[in-house]
Amino acid sequence: TLKLVRILDSRSQFTSIAFNADGSRLAGAGYAAVAQVWNVADGQTLLTIPNAGVMVALSPDGMKLAAVNEFSDVAADGTLLPVKTVVQVYQVDSGKLLLSLNSLTTISEWNMESVETIGLPFSADGTLIHAVNNFGDVHAWELTSGRLIGTLVNQATRSRLSGGFCKASGSVGGSSF
């Protein structure tokens with residue numbers, strides 16, 4: 001059976017929560033984009049960041065908080081532009097923004113779903129972070145430099161893009177990766 005251990009003071013309703021590796025810290029975020037981190041042992045709020053993102057992750061040591069947002073835009077001619085994924089990495093103890101990581105996901109006119117990050121895992125050693133979207137694409141960054149080290153576009157996405165107008169290349173009948 002479950003037992004209520006603690007009620008945490010929250011500034012928002014959360015749709016995303018994450019623990020660090022040893023369970024000593026908990027982070028949460030939701031559609032209001034307020035990210036919050038708590039010390040699980042005493043319930044103390046360690047960090048609250050407005051406009052941080054809608055999904056969060058904690059590094060294995062609990063010292064870094066990552067929060068993600070997606071931004072969609074339309075060109076002047078009405079065509080959809082690639083969706084920009086922005087991962088902000090903060091130092092939990094100071095609240096300092098350490099990195100702002102960006103990537104683009106190409107979409108097409110007939111996409112029925114919008115791009116949404118559904119996973120934001122850190123590597124076990126805390127040196128990498130990955131943003132996994134609902135199309136199955138993965139973007140990976142190295143955290144000491146902030147460099148995007150790779151993007152894996154899944155085969156279904158390649159098929160989806162190769163059948164029509166591709167917003168990344170602007171070409172008809174194919175896409176360039």
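Just so it is clear, the model here is predicted, and its values are computed rather than measured. We use all heavy atoms of the structure for the numbers below, so side chains are in, but hydrogens, waters and symmetry mates are not.
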Donor-acceptor contact present, side-chain N134 to main-chain E116, <3.5 Å: yes
M63 reachable from L98 in the ILVMFWY side-chain graph, under 4.5 Å edges: no
Within-4.5 Å side-chain heavy-atom neighbours: R6 and V40: no
Nearest non-hydrogen partners of A140 and H130, listed with the distance: CB-CD2, 3.5 Å
Salt bridge (Lys or Arg N to Asp or Glu O under 4.0 Å) pairs, two or more places apart, involving residues 22-50: R25-D93
Heavy-atom check, side chain of V86 versus side chain of N102, under 4.5 Å: yes
Nearest atoms (heavy-atom pairs only) where P50 meets T48: CD-O, 3.9 Å
Spatial distance of atom CD (Q44) from atom CG (L8) [nearest 0.5 Å]: 11.5 Å
Closest non-hydrogen atom pair between G126 and L143, with its separation: O-CD1, 3.4 Å
Members sharing L58's hydrophobic cluster (side chains within less than 4.5 Å): V37, L46, L47, I49, V56, L65, Y90, V92, L97
Spacing of OG belonging to S59 relative to NZ belonging to K64, to within rounding of 0.5 Å: 5.5 Å
Reference residue V87; test side-chain contact (heavy atoms from CB on, under 4.5 Å); the match among L99, L101, N69: L101
Distance in Å, H139 NE2 paired with L148 CG, rounded so as to fall on 0.5 Å steps: 7.5 Å
Closest non-hydrogen atom pair between G53 and A29, with its separation: O-CB, 3.5 Å
Sequence-distant partners of D73, side-chain contact (heavy atoms from CB on, under 4.5 Å), two or more places apart: L81
Set of residues satisfying side-chain hydrogen bond (donor to acceptor under 3.5 Å, both in side chains) with respect to T144, sequence neighbours excluded: E142
Atom pair CG/CG of L104 and D137 - distance to nearest 0.5 Å: 12.0 Å
Shared-cluster residues of L128, by chain and number - hydrophobic side chains joined below 4.5 Å: I149
L26-L120 co-clustered via ILVMFWY side chain contacts under 4.5 Å: no
Ring pair (Phe, Tyr, Trp, His ring centres under 6.0 Å) contacts touching residues 25-54 (sequence neighbours left out): F14-W38
Flag if over 12 foreign heavy atoms under 6.0 Å of CG, L4: yes
Closest non-hydrogen atom pair between A52 and A67, with its separation: O-CB, 3.5 Å
Pairwise side-chain contact, V89 with W141, heavy-atom cut-off 4.5 Å (strictly under): no
Hydrophobic cluster membership, V132 vs L152, 4.5 Å side-chain cutoff: yes
Minimal non-hydrogen separation, P60 against S123, with atom names: CG-O, 3.4 Å
